[in-house]
Amino acid sequence: MSIGRWTPAQLPSLAGKRFVVTGGNAGLGYWASEFLARRGASVVLAARNEQKAESAAASILTRAPLGSVSFVKLDLANLESVESAAAVLGSEPIDGLVANAGVLGSAKPQFTDNGFELMFGTNVLGHFALIAHVMPTLLATPGSRVVSLGSISHEFFEMDLADVMSEVDYRSFRAYGRSKLAAMLIGFELDRRLQSAGLSTRSLVAHPGFALDGLSAERPGIAKSGRYNALVRTALDPFAQGKDAGALPIVRAVADPVARGGEYWGPDGWRQLKGDPAVVRARNRARDIRTASELWAMAETMTGRALSL
């Protein structure tokens with residue numbers, strides 16, 4: 001296998017298309033936003049920090065003269081913020097929504113403004129509410145897509161519907177892994193429901209492999225490539241990649257004409273840690289229909305927002 005055979009330059013022109021990227025001011029979200037804008041897309045950075053988003057937009061526009069970038073304030077840990085942001089985001093067509101932003105972990109339990117465990121509340125419920133709010137706009141935009149962010153960590157943990165908030169024996173990485181598994185379950189379930197209803201909007205899931213900021217290309221103020229010395233970079237090379245490479249499965253899932261609803265995109269290398277962006281296999285637990293249906297109903301109750309199709 002050769003690394004880097006596919007590049008965003010192989011996408012068709014995205015001029016006239018509008019993409020919303022949550023957490024588009026940093027990390028994977030930044031790189032996905034840059035790659036989409038470089039193909040001429042209009043990209044909305046939906047993020048908490050306006051100053052960081054402005055810096056990201058400036059960086060993107062120096063490399064994407066045909067694209068455009070804007071900012072909408074969004075705090076996924078606050079359902080009122082989600083509703084306010086959705087009112088703005090949904091006022092124009094949305095060709096692609098990348099549900100990227102998320103919380104990686106916290107040593108001790110933390111909570112959203114609405115009282116949910118932080119990782120589940122942000123990674124799952126915040127995005128669920130956002131998708132529900134903007135679904136009418138997505139459905140009104142022909143061929144629109146929703147891409148949820150999965151993770152290799154879904155391979156390590158089963159979903160516990162009796163303890164989605166990790167209230168019993170809280171462990172940070174397990175809570176994170178379950179939150180990503182939950183996001184994947186909902187992402188795949190969304191596509192099943194869309195297809196069953198005969199709608200053109202599609203839902204896909206993508207993951208970045210083992211992607212590190214320190215292995216990314218240099219972007220002043222956004223990504224610093226010199227974080228690791230040559231020895232460390234050599235040691236990491238067999239199984240890790242930069243977040244620029246990690247964003248490629250996300251970009252293909254949301255914008256490549258070959259991508260299809262219900263697919264799982266990730267690196268095609270060993271254990272999906274790094275490699276070319278391709279359709280890869282998710283664990284069966286991420287596609288369990290019964291668990292997904294129960295989780296969906298719970299998310300509707302918790303957020304107070306029905307995701308109706």
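In this text, all values refer to a predicted model and were calculated from it rather than measured experimentally.
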Under 3.5 Å donor-acceptor pairs involving side-chain atoms of residues 85-96, not counting sequence neighbours:
from  : atom 1 : to    : atom 2 : distance (Å)
Ser91 : OG     : Val88 : O      : 2.6
Asp95 : OD2    : Arg18 : N      : 2.8

Study note, to complete from the structure: Sorted by chain and number, sequence neighbours left out, side chain to side chain contact (heavy atoms under 4.5 Å, CB included) with Leu199 holds for Leu139, Leu194, Ala197, Leu309

Review point. CD1 of Ile60 to CH2 of Trp31: how many Å apart, nearest 0.5 Å?
Key: 10.0 Å

Review point. In chain order, what residues pass the salt bridge (charged side-chain N to carboxylate O under 4.0 Å, His left out) check against Lys180, with sequence neighbours excluded?
Key: none

Check your understanding: Does the side chain of Ser81 come under 3.5 Å of the side chain of Asp75 through a donor N or O and an acceptor N or O?
Key -> no

Practice item. Over 60° means perpendicular and under 30° means parallel, so classify the ring planes of Phe173 and Phe156, tilted if in between. Key: tilted

Give the table of side-chain donor-acceptor pairs shorter than 3.5 Å for residues 97-113, with sequence neighbours excluded, one pair per line with atom names and distance.
from   : atom 1 : to     : atom 2 : distance (Å)
Asn100 : ND2    : Thr22  : O      : 2.9
Asn100 : ND2    : Gly23  : O      : 3.4
Ser106 : OG     : Lys108 : O      : 3.0
Ser106 : OG     : Tyr170 : OH     : 3.1
Thr112 : OG1    : Asn114 : N      : 3.2
Thr112 : OG1    : Gly115 : N      : 3.4
Thr112 : OG1    : Phe116 : N      : 3.1
Asp113 : OD2    : Asn78  : ND2    : 2.8

Practice item. Verify, without hydrogens or angle tests, whether Gln241 (side chain) and Gly275 (backbone) share a donor-acceptor contact under 3.5 angstrom. Key: yes

Check your understanding: Can Asp268 and Arg5 be counted as an ion pair, charged N to O under 4.0 angstrom?
Key -> yes

Review point. Can you hop from Val147 to Met184 via hydrophobic side chains spaced under 4.5 Å?
Key: no

Point to revise | Arg281: partners by salt bridge (charged side-chain N to carboxylate O under 4.0 Å, His left out), with sequence neighbours left out | key: none

Practice item. Side-chain contact test, heavy atoms from C-beta onward, threshold under 4.5 Å: evaluate it for Phe35 versus Ile250 and give yes or no. Key: no

Check your understanding: Sequence neighbours excluded, which residues qualify as salt bridge (charged side-chain N to carboxylate O under 4.0 Å, His left out) partners of Glu34?
Key -> Arg38, Arg219

Check your understanding: Sub-3.5 Å donor-acceptor pair from the side chain of His154 to the main-chain atoms of Arg283, do we have one?
Key -> yes

